[in-house]
Number of protein chains: 2
Amino acid sequence: MRIGEVAEKAGVSVRALRYYEEQGLLQAGRSPGGQRHYPDTAVGRVRLIQQLYAAGLPSRVVRKVLPCVDSGEVKAPPALLDQMAAERVRVDQRITDLLAVRDRLDDVIAVARDPDSDCSHVE
Amino acid sequence: MRIGEVAEKAGVSVRALRYYEEQGLLQAGRSPGGQRHYPDTAVGRVRLIQQLYAAGLPSRVVRKVLPCVDSGEVKAPPALLDQMAAERVRVDQRITDLLAVRDRLDDVIAVARDPDSDCSHVE
DNA sequence: CTAGAACCTGACGTTGACGTCAGGTGCAAG
DNA sequence: CTTGCACCTGACGTCAACGTCAGGTTCTAG
């Protein structure tokens, strides 16, 4: 597959794919003329990258955990495992934050829709 | 309170507080000499701002929902409510993404810790 | 063979949430 | 009155994840 097809299938821009390669997140073979070509697995990998980014993981972390996460390899040195465990904690924290924010939004929306029920949580 | 004290209590930089004021997120009174002074409630408000930012809400959205969220006011026009509902959906999506990422991390960590249990999910 | 779509490599532009530096001021203490 | 720390206002720097433009090349269809 060439870059445009991968981009379309994965739902990202061509620029993004070149950026991922630049960052060492996604390798590509080259045709004799110099054009990139990707294996079919690239689409899934790109989706994974997007998912990690969407979760707010910093790129250096993505770069580190990616080979491990998508290959299922067990080669991970203990230091990397610690990193991943630490990142798990951070992800958990973010989830907690998001849940709190969601509850706040819900409160405000509920009160606005039904002003009669007073703000019990405001004491 | 002066700016330094608020910054310390809320766990943010002085620069951040000036930035919030610049963005219309946090008002401050001024001493005759021009120095900002804040009411005690400022600390909580700053924590709220941080929470919203941490949840990934864009600043323009924070700017819009903030007066509503922290005052509990019901003045919100319907358009703002729609915005907040839409934002709620986005927050929900982020939570879903994060849960998926957390599961992935857990898988990898579990496999690495106990290689005997094969990767059932990799089929 | 030729048009034109898709691709290539730089390289500079963008946005958000501040960091940081420069140069000057407010204010409480001794 | 002077020291000195906290504060002030610009204003430029930063980093990430690309967007976008310029100018040239490759590949595919007819």
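So you know, we letter chains A, B, ... as the sequences are listed, proteins then strands, and number each from 1.
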**Prompt:** Picking from B:Leu98, B:Asp97, B:Leu99, B:Asp106, what satisfies side chain to side chain contact (heavy atoms under 4.5 Å, CB included) with A:Val91?
**Reply:**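 Answer after filtering B:Leu98, B:Asp97, B:Leu99, B:Asp106: B:Leu98.
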
So, is [X] close to the [N] phosphate, meaning a side-chain N or O under 4.0 Å from OP1 or OP2?
{"X": "A:Arg15", "N": "D:dA17", "value": "no"}
{"X": "A:Arg30", "N": "C:dT9", "value": "yes"}
{"X": "B:Tyr20", "N": "C:dC18", "value": "yes"}
{"X": "B:Ser13", "N": "C:dG19", "value": "yes"}

**Message:** Roughly what angle, to 10°, lies between the helix axis at the start of the helix from C:dC1-D:dG30 to C:dG30-D:dC1 and the one at its end, five pairs per end?
**Reply:**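 Terminal axis comparison yields 0°.
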
May I ask you to say what [X] touches in the nucleic acid, namely base, sugar-phosphate or nothing, with a heavy-atom cut-off under 4.0 Å?
{"X": "B:Arg60", "value": "nothing"}
{"X": "A:Arg2", "value": "sugar-phosphate"}
{"X": "A:Arg36", "value": "sugar-phosphate"}

**Request:** Give a yes-or-no answer on whether the side chains of B:Gln50 and B:Tyr20 include a donor-acceptor pair shorter than 3.5 Å.
**Result:**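 A pair is found: one side chain offers a donor N or O, the other an acceptor, under 3.5 Å apart.
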
**Prompt:** Does any N or O in the side chain of B:Arg63 come within less than 3.5 Å of the main-chain N or O of B:Gln23, such that one atom is a donor and the other an acceptor?
**Reply:**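 Here the side-chain-to-backbone pair exists.
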
**Request:** Nearest-nucleotide wise, let me know which of A:Glu5 and B:Ile49 is further upstream toward the 5' end of DNA chain C.
**Result:**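 Taking each residue's closest nucleotide, the earlier one in sequence belongs to A:Glu5.
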
